[in-house]
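In what follows, a structure is listed as structure tokens, so that the remarks can point back to it.
Quantities reported herein were computed from a predicted structural model and do not represent experimental measurements.
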Amino acid sequence: MYSNCRPFSPDTVGDFRVKGNVTKVHGAAIANLHAASATRTADAPGGDQDLVAMYVVQRGAWTLGGPPGCGEQTVSAGQFLVRHVGRLSAFETTAHLTAKFFVLPPGELKPLLGNRVITGPADSAEIRLLTALTGMIHITVADLGPAGGATISGPGTPPTSSARSIGT
């Protein structure tokens, strides 16, 4: 997903305190992040990508570099931002950040977004529903199998989803 990332800044590496968990379901990834320390990339990561990224910030702020020729955008506590990402960009977070980060397949969303960046309040009904659903996915992902296959086929059915914890 972010295999082309360049390292974090030396200050970030020296005090890296970030915890979270990531769940991947088919082509989507859902991350819950908690950063005790501020984080910043050393430079613009680059690398061609074709994905839709959504940031829902509950506490702190997440500043995202824009495409060449465009400025930075900051997602503050209580806000969300969704955009198509064609090339990874630099980012910075405040200390004590709590956020959800979604990587979504671009198929249906890219044509709707185009070059627009959509922002708004994280307490809107749609965002509350999305975050509640993703919370439920994080809780139950370990029990999920392919379309009920674990129930029908029994143990040993390969899962279609996975979860991973990240942290210090």
Q. Considering all heavy atoms of both residues, which atom of Arg83 and which atom of Leu64 are nearest to each other, and what is their separation?
A. NH2-CB, 3.7 Å
Q: Give a yes or no on whether Val25 and Met136 share a hydrophobic cluster (residues Ile, Leu, Val, Met, Phe, Trp, Tyr; joining criterion: side-chain heavy atoms under 4.5 Å apart).
A: yes
Q.
Grouping I, L, V, M, F, W and Y whenever their side-chain heavy atoms are under 4.5 Å apart, do Leu51 and Val117 come out in a common cluster?
A. yes
Q | Leu113-Leu130 co-clustered via ILVMFWY side chain contacts under 4.5 Å | A | yes
Q: Can you measure from CG (Asp123) to CD (Gln79) and round to the nearest 0.5 angstrom?
A: 8.5 Å
Q) Which of parallel (below 30°), tilted (30 to 60°) and perpendicular (above 60°) describes Phe101 and Tyr55? A) tilted
**Q.** Shortest non-hydrogen contact from Gly27 toward Pro105
**A.** O-CD, 3.5 Å
Q) Of Leu81, Val56, Leu33, Thr74, which meets side-chain contact (heavy atoms from CB on, under 4.5 Å) against Trp62? A) Leu33
Q.
Membership question, hydrophobic clusters at under 4.5 Å side-chain separation (ILVMFWY): are Val82 and Leu133 in the same one?
A. yes
Q.
Rounded to the nearest 0.5 Å, what separates atom OG1 in Thr94 from atom CD in Glu92?
A. 9.0 Å
Q: Work out which heavy atom in Pro106 is nearest to a heavy atom in Asp50; give both atom names and the distance.
A: CG-O, 3.4 Å
(Q) Would you say that Phe80 contacts Lys100 through its side chain, given a criterion of any heavy-atom pair below 4.5 Å between the two side chains? (A) no
(Q) Return the NZ to CG distance between Lys110 and Asn115, rounded to the nearest 0.5 Å. (A) 9.5 Å
(Q) In this structure, would Ile137 and Ile139 fall into the same cluster of hydrophobic residues linked by side-chain contacts under 4.5 Å? (A) no
Q) Ala53 and Val85: which non-hydrogen atoms are nearest, and at how many Å? A) CB-CG2, 3.8 Å
Q: Without swapping roles, check the side chain of Thr23 against the backbone of Ile30 for a donor-acceptor pair under 3.5 Å.
A: no
Q. Nearest 0.5 Å, what's the CD-OG1 distance between Gln58 and Thr98?
A. 6.5 Å
(Q) To check you understand the geometry: which heavy-atom pair defines the closest contact between Val22 and Ala31, and what is its length? (A) CG2-CB, 3.9 Å
Q) Could you give the distance from CG (Leu109) to NE2 (His84), rounded to the nearest 0.5 Å? A) 10.0 Å
Q.
Contact between Val75 and Thr119 at the side-chain level, heavy atoms closer than 4.5 Å - yes or no?
A. no
